[in-house]
Every structure is written in C-alpha cells, then in structure tokens.
Amino acid sequence: MPWRARPGELADPYRVWLSEIMLQQTTVAAVIPYYEKFLTRFPSVQALAAAESEAVMQAWAGLGYYARARNLHACARAVTELGAFPDTLDGLRALPGIGPYTAAAVGAIAFGIPVVPIDGNVERVVSRVFAITEALPGSKPAIAEGAARLGDDPSARARPSDFAQSLFDLGATICTPTNPACAICPWMGDCAGRAQGIAAELPRKTPKKARPVRHGVHFWLVDAEGRVLLRTRPPKGLLGGMVELPGPVWRAAPWQPDEVQDEAPMRAKWRHLGEVTHGLTHFELRIQLHAARVDVIQAEGFLRLINVLDDEALPSMMRKCVALALLEPPG
DNA sequence: AAGTCGTGGGC
DNA sequence: TGCCCAAGACT
C-alpha cells in the first residue's frame with residue numbers, strides 16, 4: 001500500500017492522516033487511486049490547505065462520504081495554522097474529521113504512541129480472540145478492553161505502528177469476515193472463539209433496518225453551445241457541496257408524468273430518457289432523467305460544456321445520469 | 001444514542 | 001440478484 005512506510009523509514013503524518021481519512025468505511029482498492037491523485041495534486045498539508053474547496057471536492061468526487069472531504073480541507077487548514085500535526089491523541093482528536101479511531105491510528109503509525117486503533121478489523125479479531133458473544137455495538141466496551149489488553153504486551157508497546165498495522169493485516173487476510181483461515185493464524189492457539197468453534201460467526205451484529213426507496217427527477221438541459229445546466233448542493237448534509245443536475249428534492253412517492261413539467265428548471269420540450277438507480281447507505285434512489293435542448297438557458301445554476309463534465313464534483317449517481325444522457329442521440 | 005452519510009466489489 | 005460490507009465521524 002502506497003501510504004505504508006518501508007521498514008526503517010519514518011511515516012509521514014500527512015500521508016498517514018490522508019490515507020486514514022480515505023480508508024474510513026472504504027476499501028483499500030477504492031482508496032489507492034484517490035490517494036495517489038491527492039498526493040500529486042496536494043503534495044503537502046500546506047498545499048491542501050491552500051487549495052480551493054471546489055478543487056478538493058472535485059478530487060474526492062466518487063469516493064463517497066463527502067463530509068470527509070470537507071473536514072479534510074478544514075483539518076489541513078487547522079494543521080497549517082498550528083504549524084504541524086499534533087503529536088498527542090487529544091490534539092489529534094480535536095481536529096475536524098478525526099475521531100477516536102483515526103486519532104489512535106495516526107498516533108500509533110505516525111508518532112509511535114502505544115495505542116491500539118479499533119476499526120472493523122480489530123473489532124473482529126478481538127471479538128474472536130476473546131470470544132465476545134455480545135452483539136455490536138453493545139460489545140464495543142468489551143472489545144476496547146480486549147484490544148487494550150493485547151496492546152499491553154511488551155512487544156506490542158515497543159512497536160505501536162507495526163502492531164496496529166499487523167492487526168489490520170491479520171483481519172484483512174486471515175481473520176476475515178467469512179471463512180477465516182484459522183489454520184494458518186498465528187493466534188490460533190490463543191483464540192477463545194476458535195476453541196469454542198464460534199470464531200467465524202463473530203462478531204455478532206444487531207440486525208439492520210431495511211432500506212426504503214426514494215424517487216428523484218433530474219433534468220439534462222443543454223443550450224445551443226452544448227453547455228449543460230448544473231448546480232451545487234448545499235454545503236452540509238447529503239452530498240453536501242457536490243455538483244448535480246437540477247431537480248426537485250427526492251421523496252418517498254414516485255413522480256407522476258404530469259408533475260415533471262412543474263419541477264423542470266425552465267419551460268422546454270422535455271423528453272424522458274430513462275431511469276437511473278443507485279444504492280446509498282440508508283435508501284435506494286430511483287432517478288427519472290428528462291432531457292431538453294433550448295437556445296438559451298435561463299435558470300438557477302451554472303453551465304459547463306459537456307466535454308468537461310469530468311472535471312466537476314459530480315457524485316457517482318450523477319455520473320450515471322450523465323452517462324445515460326450521452327447514450328441518447330443529441331435531440 | 002440512534003440516524004445520517006456513498007461507493008463499488010464480493011459472494 | 002440482493003445483501004453485506006470496508007482502516008468511522010458527526011449530530
């Protein structure tokens with residue numbers, strides 16, 4: 001992994017922090033290209049702090065959980081103001097976007113603080129090693145106790161960075177969510193979950209609620225010069241600060257055909273292009289995409305040429321809409 | 001403290 | 001195919 005320091009090398013706090021923010025609820029494979037892009041475009045925390053927020057949101061577009069990007073930028077500016085990353089857990093924890101996990105991860109990996117960062121991997125490993133059968137999230141205190149006990153081992157305390165990353169690697173490659181490779185696990189003999197034959201079913205989790213469906217209508221409006229109408233979403237909340245095709249607020253009830261004209265950004269000969277579906281964390285979104293071409297666009301928002309839409313901070317669902325619109329022959 | 005907040009890959 | 005999930009934070 002590109003953010004991991006080689007043996008003997010000192011970890012760079014900026015790179016450790018950047019990678020840890022990106023890795024929150026996000027797979028390594030998804031993060032790597034974004035991490036490389038950010039290092040190229042923003043080689044230092046000062047460079048990131050000096051960037052426009054639009055540039056940061058654009059670079060983050062597609063990675064999801066966009067509050068991370070907003071907090072990333074705010075954190076870079078705070079660190080630049082401070083002069084350097086804090087080298088204490090409390091100092092790190094006070095920065096925007098850095099919670100208990102990330103403070104511990106940066107503390108251990110970049111500053112050698114003897115602490116065990118508790119992520120999903122560690123929750124799983126610890127739940128199994130100590131055979132914690134209580135379901136998450138209720139079992140978090142017990143997991144924290146177990147993790148701290150593991151971290152109290154002298155060899156762990158001597159190498160906090162290696163110990164933390166070893167736990168990540170153990171969880172990612174051996175102590176996996178399904179079909180754990182207990183036979184080759186270095187902790188097989190010490191694992192209470194293994195001894196009780198319940199390792200693979202741990203950690204238990206409280207069941208999640210079903211995802212409701214929400215319905216949206218978005219409009220692909222092109223002018224005579226081949227420019228598309230876009231707008232920026234409000235800075236906070238869902239997809240905050242990201243760019244989208246115009247349309248009414250998503251709702252539970254499907255949109256009726258006779259409602260569409262009233263919601264359009266301007267009067268035009270609207271044509272139904274099709275449906276885009278996209279799964280989000282707490283609901284499934286179904287977007288009806290409508291398109292029209294007019295001479296001059298008079299509506300709220302801003303205009304961009306079709307061939308530079310890639311440079312905008314469009315979230316994935318909006319890129320799906322763009323892709324659908326471009327499939328259609330220009331009307 | 002339970003809900004909110006994205007995405008793409010794996011099974 | 002539908003569900004689960006992945007180095008969580010914030011409110």
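Just so it is clear, the structure is predicted and the values come from calculations on it, not from any experiment. In what follows, chains carry the letters A, B, and so on, assigned in the order in which the sequence lines appear, proteins first and then strands, with residues in each chain numbered from 1.
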- Query: Looking only at N and O atoms, is any donor in the side chain of A:T26 or the base of C:dG8 less than 3.5 Å from an acceptor on the other one?
  - Reply: no
- Message: Taking donor-acceptor contacts at under 3.5 Å, does the side chain of A:T27 reach the base of B:dG9?
- Response: no
- Note on the structure: Under a side-chain separation threshold of 4.5 Å, the hydrophobic residues clustered together with A:L305 are A:V308
- Rounding to the closest angstrom, what is the interatomic distance between B:dG6 and C:dC5 at atom C1'? 13 Å
- Query: Given B:dT7, is OP1 or OP2 found less than 4.0 Å from the side-chain N or O atoms of A:H278?
  - Reply: yes
- Query: Looking only at atom P, what distance separates C:dA6 and B:dC5, rounded to whole Å?
  - Reply: 22 Å
- Under 3.5 Å donor-acceptor pair, A:Y65 side-chain atoms to B:dG6 base atoms: yes
- Message: In whole Å, measure the gap between the P atoms of C:dA9 and B:dG8 for me.
- Response: 22 Å
- Message: So A:P117, base contact, sugar-phosphate only, or nothing? Heavy-atom distance under 4.0 Å.
- Response: nothing
- Task: Check whether any side-chain nitrogen or oxygen of A:Q25 sits under 4.0 Å from OP1 or OP2 of C:dA6, and answer yes or no.
- Result: no
- A:K320 vs B:dT7: side-chain N/O to OP1/OP2 distance below 4.0 Å: no
- Message: If you compare every side-chain N and O of A:K208 against the phosphate oxygens of C:dC5 (OP1, OP2), does one of them come in below 4.0 Å?
- Response: yes
- Message: What's A:R70 touching, base or sugar-phosphate or nothing? Going by heavy atoms closer than 4.0 Å.
- Response: nothing
- Could you grab the distance from atom CG of A:L314 to atom CG of A:L245, nearest 0.5 Å is fine? 7.0 Å
- Name the nucleic acid region contacted by A:M317, choosing base, sugar-phosphate or nothing; use a 4.0 angstrom heavy-atom cut-off, strictly under. sugar-phosphate
- Task: Looking at every strand, decide which applies to A:M318 at a 4.0 Å heavy-atom threshold: base, sugar-phosphate, or nothing.
- Result: nothing
